[in-house]
There are 2 protein chains.
Amino acid sequence: MTDRAGTFDGVHRRNLSKVLGHVHLDGPLSRARLTAMTGLNRSTVASLVAELTARGLVIEQAPDPTNRVGRPSPVVAPDPRVLAIAVNPEVDAVTIAAVGIDGGIPARERIEVDHLPSPDETAELVASALDRWRAADLRDARFVGVGLAVPGLVRASDGLVRFAPHLLWSDVPIRALVEESTGLPTAVGNDASLGAIAEHLFGAGRGVDDMVYLNGGASGIGGGLIVHGRPVGGSAGYAGEFGQNRPGIAAPDDRRAAEGVLEDEVSRARLLEVVGLDHGDEPTLADALAAADSPAVADEVGRQSRILATALCNAVNVLNPSLIVLGGFLATLAERDLGALEAAVAAQAMPAASEGLSIRVAALGENRLLIGAAEIAFADLLADPLGR
Amino acid sequence: MTDRAGTFDGVHRRNLSKVLGHVHLDGPLSRARLTAMTGLNRSTVASLVAELTARGLVIEQAPDPTNRVGRPSPVVAPDPRVLAIAVNPEVDAVTIAAVGIDGGIPARERIEVDHLPSPDETAELVASALDRWRAADLRDARFVGVGLAVPGLVRASDGLVRFAPHLLWSDVPIRALVEESTGLPTAVGNDASLGAIAEHLFGAGRGVDDMVYLNGGASGIGGGLIVHGRPVGGSAGYAGEFGQNRPGIAAPDDRRAAEGVLEDEVSRARLLEVVGLDHGDEPTLADALAAADSPAVADEVGRQSRILATALCNAVNVLNPSLIVLGGFLATLAERDLGALEAAVAAQAMPAASEGLSIRVAALGENRLLIGAAEIAFADLLADPLGR
DNA sequence: ATGATTTGTTGTGAGATACAACATAAAGCA
DNA sequence: TGCTTTATGTTGTATCTCACAACAAATCAT
């Protein structure tokens, strides 16, 4: 919105955005509930909803049989035909999905590749999936944009992938490539940051305005912050790189990597190693850890938990969040004894800051990144349903 | 503002707030410049300014002789008679000032005490200063609120001082006490966080939307964050406690305190000790450091700088700020070789994140905390000039 | 069936800003 | 000095959006 706040048009757009945002986040809502949530007048909400309906963004459904006194209120739902393309390129596959503004995922493909997907290839895969869907099942859908979750540093201003170590992408203008191949407006974000957004809006962090999200992946530790209810990008969009931090390590014996950073010490590879696995997905690792009763495993889990606790404390002292959400192998690690981790954080962090703090594991499953990617694809539309 | 956004009244209030905010932050501005800055219509700005004038918040002055073609535009300035009381209780004195919404400080008293000031005493000192000023020089002033900068943890919701170690205040309802003694609405904040706000609005961080401020005081290291242009409080308001963090210490020899936190390692006391001073103000310490040429001094400065650099890196990785501002003895420490500190941060932080980063020393002098305290006292008025 | 309750619908009113036309004050220039 | 140019204040009108009130509709309770 080109700073239309303060004008009439601005008010109207904000109100449309508010209504659309509520049904997007909370799902179908009666008009009566919307009036309550927005604080606007009944008649105003009616006209806003009518406008959104005319633009094909929401649909009005028959009232729910609520068994309550009074005239039933029609239910306003996001129009499931409004879709975004969510993309997650990884070393061994590119996952592409169609995600509805209603949260549904009517189409999803994981395209395995036997080589690292190149930027051009990724853009082409997205375009061909889009074409296929447009020609078949999703014929009557309306695709409003593309969102990419990239495992690397993404410059917010232009969607340039500065460096994605595992994809071996370096200064790749992926946003421009995908915009060209699809003709759709495209947004790009760091995968862990998008995970944070997804957990904040639809997962373990629903309704929490100040949270920290840390994700443990095969390649390292990333994350994202939500402050004042908004995702934090920082000046260029690189915020959230917890894995590169250097937390204090109280016991010298706990250090494995000289001059190492958090993700050198707290790592999935070390956990796999100690349980004697070469590789494996998250449940496999969790099962192996649960089954193992060797002291070596307990030691390694303890060591990593101690270091993780210190890293979390640093974040808690600085940000005073009300919630920390852990995903990936950090969830596996933490879930073994969530109470102990909370206690360790409470012991080291400022007492006051840890009072209101809870630590949870991520709630969304494998679709987390796709949901986050779709969210940034929807962002413009949600912020200003009239566009421009 | 009780969520009046989205209504007409809301628009009007927002626009009043916008105009008042601009003249508050940037000083006197011509009406023509205000129209450009707000994007509103000339006639609209005229009526907004008239309303603010009627409410005694701004004054219109004769146009500046600008030597430019065209009809001269009257200059809108904040009314210097609109004042806040800013208070900073310390172990040896309570500083109280009247701070104008124009940024002026027409009155300032440092009341030395030979004992720790108690909460009640502080509240009484504020009330009596207020009475004196109201009876004399500032007879025609309008006091809109009190802001306190407290060296301790302050709960944002109710202005309760949870713990101020040096004042020995514990769970002190200082906001209520001062509101009672003065009859004025009162706001309370942590001193370093208020320093961050002041530097952001009027000091080294002017115009910077993502910054980190660290202050080195006699008692430890505190700070504050600005994210998306807004100060970060966190869930309870305790954010910014960098001093309690545990940064990694690469060289074991650099560690002085087992299990120590940042402010145990990087401390003013250690600097004073190494130059052989018992105590001393900031210039004294800076001079002593500059004059010393013993290797012990250089070693200690180097050691503290190394640890500080790691702590800053942790913040940079997570927040990707465009600016770090250092105050207090951290400024003294950094100023000895700002380039080296920047290099050390660049060497350890993610390369991309340190690209757009600059490190500066604080620009505001001894009035920093008073300006920050006044700012939170003015906050309600600035957010909604009509009140309620 | 009747009343109570809640909410949609409709028409009117109010408030704030945008816009256009005109007025005004300064600088530039002949 | 006086005219032109330029930029801005001033005034009155138009427009837009939301609030409000009155009425209608749909459900539950008796």
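Remember, predicted model here, so these are calculated numbers, not experimental data.
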Closest nucleotide of DNA chain D for Leu16(A) versus for Pro72(A): which of these residues is on the 5' side? Leu16(A)
Rounded distance [0.5 Å steps], CG in Asn15(A) versus CG in Leu40(A): 4.5 Å
Working to the nearest 0.5 angstrom, can you tell me the gap between Arg14(A) CZ and Asp384(A) CG? 11.0 Å
Roughly, in whole Å, what's the span from [atom1] in [X] to [atom2] in [N]?
X: Lys18(B); N: dT17(C); atom1: NZ; atom2: P; result: 10 Å
X: Arg14(B); N: dC18(D); atom1: CZ; atom2: C1'; result: 16 Å
X: Asp64(A); N: dT27(D); atom1: CG; atom2: C1'; result: 14 Å
X: Leu40(B); N: dT8(D); atom1: CG; atom2: C1'; result: 16 Å

Over the length of the helix from dA1(C)-dT30(D) to dA30(C)-dT1(D), how much do the five-pair end axes diverge, rounded to 10 degrees? 0°
Pairs in or reaching into residues 42-51 of chain B: which pass side-chain hydrogen bond (donor to acceptor under 3.5 Å, both in side chains), with residues at least two apart or in two chains? His12(B)-Glu51(B), Asn41(B)-Ser43(B)
Given [N], is OP1 or OP2 found less than 4.0 Å from the side-chain N or O atoms of [X]?
X: Asn15(A); N: dC18(D); result: yes
X: His12(B); N: dG15(C); result: no
X: Arg13(B); N: dG15(C); result: no
X: Ser73(B); N: dG9(D); result: yes

Could you list the residues that satisfy side chain to side chain donor-acceptor pair (under 3.5 Å) with Asn367(A), not counting sequence neighbours? Arg108(A)
Report which part of the nucleic acid Pro74(B) touches: base, sugar-phosphate, or nothing (heavy-atom distance under 4.0 Å, all strands). sugar-phosphate
Taking salt bridge (charged side-chain N to carboxylate O under 4.0 Å, His left out) as the test, write out the residues that go with [X], two or more places apart.
X: Arg33(A); answer: none
X: Asp79(B); answer: Arg81(B)
X: Asp158(A); answer: Arg155(A)
X: Glu60(B); answer: Arg31(B)

Review item, nucleotides 28-30 of chain D N/O atoms under 3.5 Å of protein N/O:
from    : atom 1 : to       : atom 2 : distance (Å)
dC28(D) : OP1    : Asn67(A) : OD1    : 3.4

With side chain to side chain contact (heavy atoms under 4.5 Å, CB included) as the criterion, how do Leu34(A) and Val19(A) come out once you've worked through the C-alpha distance, each side chain's angles and the decisive distance to 0.1 Å? CA-CA 7 Å; Leu34(A) 276 172; Val19(A) 170; 4.0 Å; yes
Using a 3.5 Å cut-off and no angle test, enumerate the donor-acceptor pairs between side-chain atoms of residues 139-148 of chain A and protein atoms at least two apart in sequence or in another chain.
from      : atom 1 : to        : atom 2 : distance (Å)
Arg139(A) : NH1    : Ala135(A) : O      : 3.1
Arg139(A) : NH2    : Ala135(A) : O      : 3.1
Arg142(A) : NH1    : Arg55(A)  : O      : 2.9

With a 4.5 Å heavy-atom cut-off, do Leu225(A) and Leu319(A) have their side chains touching? yes
A side-chain contact here means heavy atoms from C-beta on lying under 4.5 Å apart; do Leu130(A) and Leu184(A) qualify? yes
Would you jot down, in residue-number order, the residues of residues 46-54 of chain A having a non-hydrogen atom under 4.0 Å from DNA chain C? none
Please determine whether the number of non-hydrogen atoms from other residues, nucleotides or ligands lying under 6.0 Å from atom CD of Gln61(A) exceeds 12. yes
Check nucleotides 20-24 of chain D for protein N or O atoms closer than 3.5 Å to its own N or O atoms and list the pairs.
from    : atom 1 : to       : atom 2 : distance (Å)
dC20(D) : N4     : Ser43(A) : OG     : 2.8

Which atom pairs, donor and acceptor, lie under 3.5 Å between side-chain atoms of residues 201-209 of chain B and protein residues at least two apart or in another chain?
from      : atom 1 : to       : atom 2 : distance (Å)
Arg206(B) : NH2    : Leu25(B) : O      : 2.7
Arg206(B) : NH2    : Asp26(B) : OD1    : 3.3

